[in-house]
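Working notes, structure below.
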Amino acid sequence: MGSAAGGGYPQWNCLCDVCQLYWAGDSRVAARSQSSIAATADGVNWLLLNASPDLRSQILASAPFSPMRRKAAGVRRATPLAAVLVTNGDVDHVAGLLTLREKQPFDLYGTAGVLGVIADNPVFSVLDPTCVTTCAVRPGEAFEPVPGLSVEIFPVPGKVPLYLETGDVDIGAEGDMTVGVRLAAHGKTAYYIPGCASVPDHLAERVRDGDVLLFDGTVFEDDEMHRAGVGSKTGRRMGHMPIQGDGGSLHAFDGLGLKDRVYIHINNTNPILVEGSRQRRTIEAAGWRIARDGMEIVP
Ligand code: MLT
Ligand code: MN
Ligand code: ZN
């Protein structure tokens, strides 16, 4: 639904080189909305994975999410988005929950930690608890949020949301603040890991059975924000490993037999957004695709 990182592409106030291409109308770049995917096993009931601030326009852009798909006699409120799973508490992954108010029943899944962060923020009480059922899930316990779709979460190296950072921030902790997701249906498996600070061997091993891997493509180089003149934070400090360089993701999944590897959650400074750029050619030569809004993947 949305292939960009927080802020989207272009970011509303950004004049980095990559955003400037968009503002100038360059045909090598396309706008991308913020981080979200949706998954279905039956083509009718969908699991939304992360609720981005762009959720309303993402729904408007996608026929499968129209309430008309659930039209029935006497029904006046309906949606194919039957359940939502959040992989962390970052703004780009939870702000869209506010769009899902309006007395619509759905199930909200996440770790106890991330659901706790949401519950502690009174603005999310607009999700009426008589409509929205929160379901804390634990690693290793498969659940079926929509018919036929088996889902499992697992911790990945991450951190607390930016707005909860205090003092020394533990970056790369494998706890319940950042998770990856395994989606399985019809004998096919996909992994979705939009935020990840590093790939330890056990993580690479875990995704080995994936037909598809959607992985954190936030920054190409660790010091990209600094080079772009838009900040001093490294990708790793933000909980996002770079694509290129020592310990980068480019080759972290080589040799596992993964059929389809796709970068997602791409920051507006990342030159892989530019068709034909050296960085785009680098990821393509290494066997990766780049996600785009509206992309459909049928494993
Ligand atoms: C991230 O992925 O690091 C967050 O979305 C940053 C943010 O809160 O803007
Ligand atoms: Mn993000
Ligand atoms: Zn930018």
Side-chain angles (χ1 to χ4, degrees), residues 1-26 28-37 48-55 58 85-98 110 114 117-118 121 123 156-166 169-173 177-181 192-198 214-243 249 263-274 277 279 291 293:
M1 294 178 80
S3 50
Y9 176 76
Q11 182 172 300
W12 70 283
N13 62 345
C14 192
L15 290 171
C16 76
D17 287 350
V18 184
C19 283
Q20 282 203 42
L21 291 177
Y22 182 87
W23 302 127
D26 196 298
R28 293 169 297 171
V29 292
R32 285 175 156 81
S33 65
Q34 294 170 77
S35 184
S36 175
I37 68 167
L48 179 68
L49 293 107
N50 291 323
S52 101
D54 298 320
L55 181 56
Q58 291 168 339
L85 167 62
V86 290
T87 61
N88 62 24
D90 285 349
V91 171
D92 56 346
H93 288 167
V94 302
L97 292 173
L98 301 176
V114 171
V117 168
I118 292 168
N121 188 329
V123 74
V156 297
K159 66 168 184 64
V160 295
L162 177 60
Y163 57 87
L164 290 181
E165 287 187 7
T166 48
V169 181
D170 189 2
I171 313 276
M177 280 298 156
T178 311
V179 299
V181 185
Y192 172 55
I193 309 175
C196 191
S198 65
L214 293 154
F215 193 78
D216 185 346
T218 308
V219 291
F220 189 77
E221 282 174 297
D222 198 35
D223 62 351
E224 177 175 303
M225 303 269 288
H226 179 67
R227 284 167 187 251
V230 296
S232 54
K233 264 190 194 167
T234 62
R236 285 198 171 87
R237 174 60 188 77
M238 298 188 292
H240 299 289
M241 64 193 295
I243 292 173
S249 58
Y263 279 124
I264 196 162
H265 190 280
I266 302 157
N267 198 55
N268 62 80
T269 51
N270 191 331
I272 69 169
L273 290 169
V274 186
S277 66
Q279 295 84 351
D293 288 19

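Order of appearance sets the numbers: ligands from 1, and atoms from 1 within every ligand.
Between the Ser33 side chain and the Met1 main chain, a donor and an acceptor come within less than 3.5 Å of each other. Side-chain N or O atoms of Glu224 include one that pairs as donor or acceptor with a backbone N or O of Phe220 at under 3.5 Å.
Annotation: side chain of Val91 is in contact with side chain of Tyr163 (closest heavy-atom distance under 4.5 Å). Residues Val274 and Val18 meet the side-chain proximity criterion, which asks for heavy atoms closer than 4.5 Å. Taking 4.5 Å as the limit, every side-chain heavy atom of Asp216 sits out of range of all side-chain heavy atoms of Ile193.
When the Mn ion (ligand 2) is compared with the N/O/S atoms of Asp92, atom OD2 turns out nearest.
For a distance threshold of 2.8 Å, the protein N, O or S atoms nearer than that to the Zn ion (ligand 3), listed by chain and number, are Cys14 SG, Cys16 SG, Cys19 SG, Asn268 OD1.
For residues 15-26, the set of pairs meeting the side chain to side chain donor-acceptor pair (under 3.5 Å) definition, not counting sequence neighbours, comprises Asp26-Arg28.
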Exercise. Kindly determine whether Asp293 and Ser3 satisfy side chain to side chain donor-acceptor pair (under 3.5 Å), including the steps that lead there.
Key: CA-CA 6 Å; Asp293 288 19; Ser3 50; 2.8 Å; yes

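Defined by atom type and a distance below 3.5 Å, a donor-acceptor pair is missing between the side-chain atoms of Asn270 and Tyr263. For the residue pair Gln34 / Asp54, a side-chain donor-acceptor distance below 3.5 Å is found, with atom types taken as modelled.
When heavy-atom distances to ligand 1 are checked against 4.0 Å, the residues falling inside are Asp90, Asp92, Met238, His240, His265, ordered by chain and number.
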Residues 227-239, side-chain donor-acceptor partners within the protein, below 3.5 Å, at least two apart:
residue, atom, partner, partner atom, Å
Arg227, NE, Asp223, OD1, 2.8
Arg227, NE, Asp223, OD2, 3.3
Thr234, OG1, Arg237, N, 3.0
Arg236, NH2, Asp246, O, 3.0
Arg236, NH2, Gly247, O, 3.3
Arg237, NH1, Glu165, OE1, 3.4
Arg237, NH1, Glu165, OE2, 3.2
Arg237, NH2, Glu165, OE1, 2.7

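Residue contact annotation: His93 places no N/O/S atom under 2.8 Å from the Mn ion (ligand 2).
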